[in-house]
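Note that the structure is predicted; figures quoted are calculated from it, not measured. Every number for a ligand or one of its atoms is a count from 1 in the order of the listing. Positions are given from 1, in the same order as the sequence printed here.
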Amino acid sequence: MSNKVILLTVLASTFACLAFAEPAPLQDFCVADTSSSVIVNGVACKNPMQVQAEDFCFSGLHIMGNTSNAVRSKVTPVFATQLPGLNTLGISMVRIDYAPWGVNPPHSHPRATEILTVLEGTLQVGFVTSNPENRLITKVLQKQWRNIGDVFVFPVGLVHYQHNIGNGYATVIAALSSQNPGAITIANAAFGANPSISSDILARAFQVDKSLVDELQVKF
Ligand SMILES: *[C@@H]1O[C@H](CO)[C@@H](O)[C@H](O)[C@H]1NC(C)=O
């Protein structure tokens with residue numbers, strides 16, 4: 001191999017690795033200055049001399065999310081808005097509450113792997129491998145002793161969901177490997193796009209009548 005080919009191979013593999021990790025911090029921390037209008041990759045930093053312990057703390061995760069909605073689940077985020085100190089650190093957290101039989105509908109996080117643990121209830125969770133196999137990997141997760149339950153990981157980018165299969169409320173805590181994981185909810189992206197994706201395209205993609213597509217587009 002010529003030096004050039006070796007160099008290109010090294011560069012390609014370096015970029016392949018970087019594609020799944022956030023840029024490494026260039027300082028101890030970069031507490032989000034949410035009032036700044038500067039647009040950067042992340043949020044602009046507060047003056048480090050003005051940073052306080054509170055910037056690294058969020059005390060709202062004990063509050064149950066309001067599950068009175070169509071899917072009967074609610075995600076409470078802990079992102080840079082709620083916890084300014086996590087800005088640039090490549091990590092975030094959520095609490096998810098599920099009413100009985102509630103669903104966190106199929107969605108993917110373009111920038112994060114998610115690891116989740118059950119605090120309350122019983123959930124059936126799953127993710128689908130990429131094309132062409134589209135294999136569903138699914139498991140029932142339980143709360144265990146002292147409200148610390150089973151743990152499940154959803155690989156970056158893959159479509160996944162959770163379903164409360166109990167008669168009571170369920171709650172999980174999940175950590176995500178990005179400060180800004182992003183969420184693409186399949187139904188919303190397909191039927192709720194603004195402006196809409198043409199119903200001809202969706203009827204063809206989902207192999208259904210256009211009238212059904214129209215009905216779904218009205219809902220989303
Ligand atoms: C929960 O959300 C529903 C629907 O938006 C609303 O009517 C209700 O007042 C909310 N409940 C609380 C406790 O905020």
- Protein residues that have a heavy atom under 4.0 Å from any atom of ligand 1, sorted by chain and number: Asn66, Ser68

- Task: Determine whether more than 12 heavy atoms belonging to other residues, nucleotides or ligands lie under 6.0 Å from atom CD1 of Ile39.
- Result: no

- Partners meeting salt bridge (charged side-chain N to carboxylate O under 4.0 Å, His left out) with Asp150 (sequence neighbours left out): none

- Verify the ring-centre separation between Phe127 and His160: is it less than 6.0 angstrom?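 Ring centroids of His160 and Phe127 are no less than 6.0 Å from each other.
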
- Query: Listed by chain and number, what are the side chain to side chain contact (heavy atoms under 4.5 Å, CB included) partners of Val40, not counting sequence neighbours?
  - Reply: Val38

- Grab the two heavy atoms, one from Ala187 and one from Phe220, that are nearest each other, plus how far apart they are. CB-CZ, 3.5 Å

- Query: Which residue pairs pass the ring pair (Phe, Tyr, Trp, His ring centres under 6.0 Å) test with at least one member in residues 193-214, sequence neighbours excluded?
  - Reply: Phe191-Phe206

